[in-house]
Amino acid sequence: GNTISHVTLQRFFENEYHEKTHNDLRFLKTLDKICIFLGFKDLNSYIENYKKFKKISKMTLEAYDREKIKYLNKKEI
């Protein structure tokens, strides 16, 4: 279905899911529905997007650090 029960959401946000639950098909379907609600095609799409964002963020921070080092080196001269 296209709905998530309020009890499921309550459990999800109150961290009542345990590690053994993460492999449960119902839990994965809940995550899938939440990702769809957030505008992604499905859970896999969300994960791919997250990995790309994380990679870009890391590259951005590394570039920032390089520029900061260049700036500090110029300032010392």
Thinking salt bridges, do Glu48 and Lys51 make one under a 4.0 Å N-O criterion?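 Result for this pair is no, no salt bridge flagged.
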
Atom [atom1] in [X], atom [atom2] in [Y]: separation rounded to 0.5 Å?
X     : Y     : atom1 : atom2 : answer
Leu28 : Asn44 : CG    : CG    : 9.5 Å
Ser5  : Gln10 : OG    : CD    : 9.5 Å
Leu31 : Leu43 : CG    : CG    : 5.5 Å
Glu67 : Asp65 : CD    : CG    : 10.5 Å

Does anything in residues 45-68 form a ring pair (Phe, Tyr, Trp, His ring centres under 6.0 Å)? List the pairs, not counting sequence neighbours.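 Every pair satisfying ring pair (Phe, Tyr, Trp, His ring centres under 6.0 Å) with a residue in residues 45-68: Phe40-Tyr46.
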
Quick one, Asp42 and Ser45 - any side-chain contact, counting heavy atoms below 4.5 Å?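 A side-chain contact exists here, since the closest heavy-atom pair is under 4.5 Å.
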
Examine Leu38 and Ile36 and state if one hydrophobic cluster contains both, with Ile, Leu, Val, Met, Phe, Trp and Tyr joined whenever side-chain heavy atoms are less than 4.5 Å apart.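 No, Leu38 does not connect to Ile36 through the hydrophobic network.
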
